[in-house]
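Everything below concerns the one structure shown next.
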2 protein chains.
Amino acid sequence: MDIQLKRGLLEVCVLAAIKSEDSYGYKIIKDMKPYIPLSESTLYTILKRLESANMLTVRTAEHDGRLRKYYHITGAGQKRIEDFKNQWNEILSIYQFVTKEDERNG
Amino acid sequence: MDIQLKRGLLEVCVLAAIKSEDSYGYKIIKDMKPYIPLSESTLYTILKRLESANMLTVRTAEHDGRLRKYYHITGAGQKRIEDFKNQWNEILSIYQFVTKEDERNG
DNA sequence: GCATTATACCTCGTGTTATGATGTATTTCA
DNA sequence: TGAAATACATCATAACACGAGGTATAATGC
């Protein structure tokens, strides 16, 4: 996937990865991998950003003797997903603009 | 439209704006405005980038006593549009990932 | 005649962001 | 015993959109 195109989707995908159930870094990466592969450094940057924006909250819990940080989506985070959905029509119209019949060669 | 989301679409849109007919800066901005508004500084940055990547060629012509720089799409530019089209299915699957039923609240 | 707007181009500095490289520490499995 | 998986984190870098600013001519309004 094109890096630039990824940019607009990454944040929302991370939120989507925790919206049904609280999750943690390593699992988020595995869940997103089939859709958008991302590195750990990228994910933790995004998680920090989303936390600063109050789109998620963090809670540390022990699991098999290892610490995990569980991320929980907030109302603002859910709104972020809704905003993305609302932009979808704009994206579709852009897709049509890009793919519409080319008179020069068509 | 979300700035980050714009990033992946701007370049392809500029190429789409010149694919049927050679065009020039001012007109490209007006043509794109209904889909993605962009500033002149952004456009000229992108045009330079696309020229460096051999995705378009430039030709200067006089029009009503004013100089215009006409941009012409190349094969590489057309391929860039094709690549975008080919990524569309990935974007759709991401959209579904983001919008799929939320068991926590749904 | 004069001011404003539209047309048409360009550069520079800045802030945001994705990512590779790197580091720490534990558990599991060969 | 040593490699891989799990799980977290930071830093430097490069790409990029954009506001602010600059130059110049044509058209329009008063």
Side-chain angles (χ1 to χ4, degrees), chain A residues 1-15 17-18 22-33 35-53 55-72 80 84 87 90 94, chain B residues 1-15 17-18 22-33 35-53 55-71 80 84 87 94:
Chain A
M1 154 107 19
D2 174 61
I3 299 170
Q4 297 310 313
L5 204 44
K6 249 175 120 168
R7 292 177 93 104
L9 303 169
L10 273 175
E11 246 187 47
V12 191
C13 277
V14 171
L15 286 171
I18 64 168
D22 294 356
S23 189
Y24 55 96
Y26 216 73
K27 184 164 188 299
I28 294 170
I29 288 174
K30 282 198 292 186
D31 288 344
M32 286 180 59
K33 199 166 189 177
Y35 304 98
I36 307 187
L38 80 170
S39 67
E40 297 183 25
S41 55
T42 301
L43 177 65
Y44 289 110
T45 306
I46 292 170
L47 287 171
K48 282 272 167 61
R49 195 159 73 231
L50 289 172
E51 193 189 355
S52 300
M55 293 196 188
L56 50 78
T57 54
V58 193
R59 140 182 76 90
T60 302
E62 203 182 304
H63 179 85
D64 286 343
R66 246 200 298 263
L67 286 181
R68 274 187 188 163
K69 292 181 84 170
Y70 285 92
Y71 298 91
H72 176 83
R80 176 74 174 78
F84 173 77
Q87 282 191 334
E90 287 179 56
I94 289 166
Chain B
M1 154 108 19
D2 174 61
I3 301 170
Q4 296 311 311
L5 204 44
K6 249 175 120 167
R7 291 176 93 101
L9 303 168
L10 273 175
E11 245 187 49
V12 192
C13 278
V14 171
L15 286 171
I18 64 168
D22 295 356
S23 190
Y24 54 96
Y26 217 74
K27 183 164 190 296
I28 294 170
I29 287 174
K30 283 198 290 185
D31 288 344
M32 286 180 59
K33 199 167 188 176
Y35 305 98
I36 307 186
L38 81 170
S39 66
E40 296 184 30
S41 55
T42 301
L43 177 65
Y44 288 110
T45 307
I46 292 170
L47 287 171
K48 282 271 167 63
R49 196 160 71 232
L50 289 172
E51 193 190 355
S52 300
M55 292 194 189
L56 51 77
T57 55
V58 193
R59 143 181 74 89
T60 302
E62 203 182 305
H63 178 86
D64 285 342
R66 249 198 296 262
L67 286 180
R68 276 185 187 166
K69 292 180 84 170
Y70 284 92
Y71 298 91
R80 176 75 175 79
F84 174 77
Q87 283 191 332
I94 289 166

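Both backbone and side-chain heavy atoms feed into the values below; hydrogens, waters and symmetry mates do not. In what follows, every chain begins at residue 1, and chains take the letters A, B, ... in the order their sequences are listed.
- The side chain of A:Y44 places an N or O atom within less than 4.0 Å of a non-bridging phosphate oxygen (OP1 or OP2) of D:dC8.
- A donor-acceptor contact under 3.5 Å is not formed by the side chain of B:E40 with the base of D:dC18.
- B:D2 places its CG atom 14 Å from the C1' atom of D:dC16, with the value rounded to the nearest Å.
- The closest donor-acceptor contact from the side chain of B:K6 to the backbone of A:G8 lies at 3.5 Å or more, if one exists at all.
- At least one side-chain nitrogen or oxygen of B:K6 sits closer than 4.0 Å to the OP1 or OP2 atom of D:dC18.
- Atoms CG (B:L5) and P (C:dA18) sit 12 Å apart, rounded to a whole Å.
- For D:dC8, neither phosphate oxygen OP1 nor OP2 lies less than 4.0 angstrom from any side-chain nitrogen or oxygen of A:Y24.
- The side chain of B:T42 places no N or O atom within less than 4.0 Å of a non-bridging phosphate oxygen (OP1 or OP2) of D:dA17.
- A:S41 has no side-chain polar atom (N or O) that falls below the 4.0 Å cut-off from OP1 or OP2 of C:dG20.
- A straight line from NE2 of B:H63 to P of D:dA26 spans 12 Å, rounded to a whole angstrom.
- Note: CD (A:E62) to P (C:dA25) measures 17 Å, nearest angstrom.
- Under 4.0 angstrom from either OP1 or OP2 of D:dA9 there lies at least one side-chain N or O belonging to A:K69.
- Residues A:F84 and B:L5 are in side-chain contact: their nearest non-hydrogen atoms beyond the backbone lie under 4.5 Å apart.
- Residue side chain A:R66 does not reach the base of C:dT27 through any donor-acceptor N/O pair under 3.5 Å, judged by distance alone.
- The shortest heavy-atom contact between A:G25 and A:L43 is O-CD2, 3.3 Å.
- Between atom OG1 of residue B:T57 and atom OH of residue B:Y71 there is a gap of 10.5 Å, rounded to the nearest 0.5 Å.
- Nearer to the 5' terminus of DNA chain D, by closest-nucleotide assignment, is the contact made by A:K48 (compared with the other of A:K48 and B:P37).
- Other residues, nucleotides and ligands contribute only 12 or fewer heavy atoms inside 6.0 Å of the CD1 atom of B:I3.
- Contacts of A:S39 with the nucleic acid, taken as non-hydrogen atoms under 4.0 Å apart, involve only primed sugar atoms and P, OP1 or OP2.
- For the OP1/OP2 pair of C:dT16 and a distance below 4.0 Å, the side-chain nitrogens and oxygens of A:R49 include no atom meeting the criterion.
- Within the 4.0 Å cut-off from OP1 or OP2 of D:dT6, at least one side-chain nitrogen or oxygen of A:K30 is found.
- Between B:L47 atom CG and C:dT11 atom C1' the separation is 15 Å, expressed in whole Å.
- The CZ atom of A:R7 sits 12 Å away from the P atom of D:dC18 (whole-angstrom rounding).
- When the P atom of C:dA8 is taken as reference, atom CD1 of B:I28 falls 12 Å away, rounded to whole Å.
- The CG atom of A:L50 sits 14 Å away from the C1' atom of C:dT16 (whole-angstrom rounding).
- The side chain of B:Q4 places no N or O atom within less than 4.0 Å of a non-bridging phosphate oxygen (OP1 or OP2) of C:dT16.
- Among the heavy atoms of the strands lying under 4.0 Å from B:R68 are primed sugar atoms or P, OP1, OP2 only; no base atom is included.
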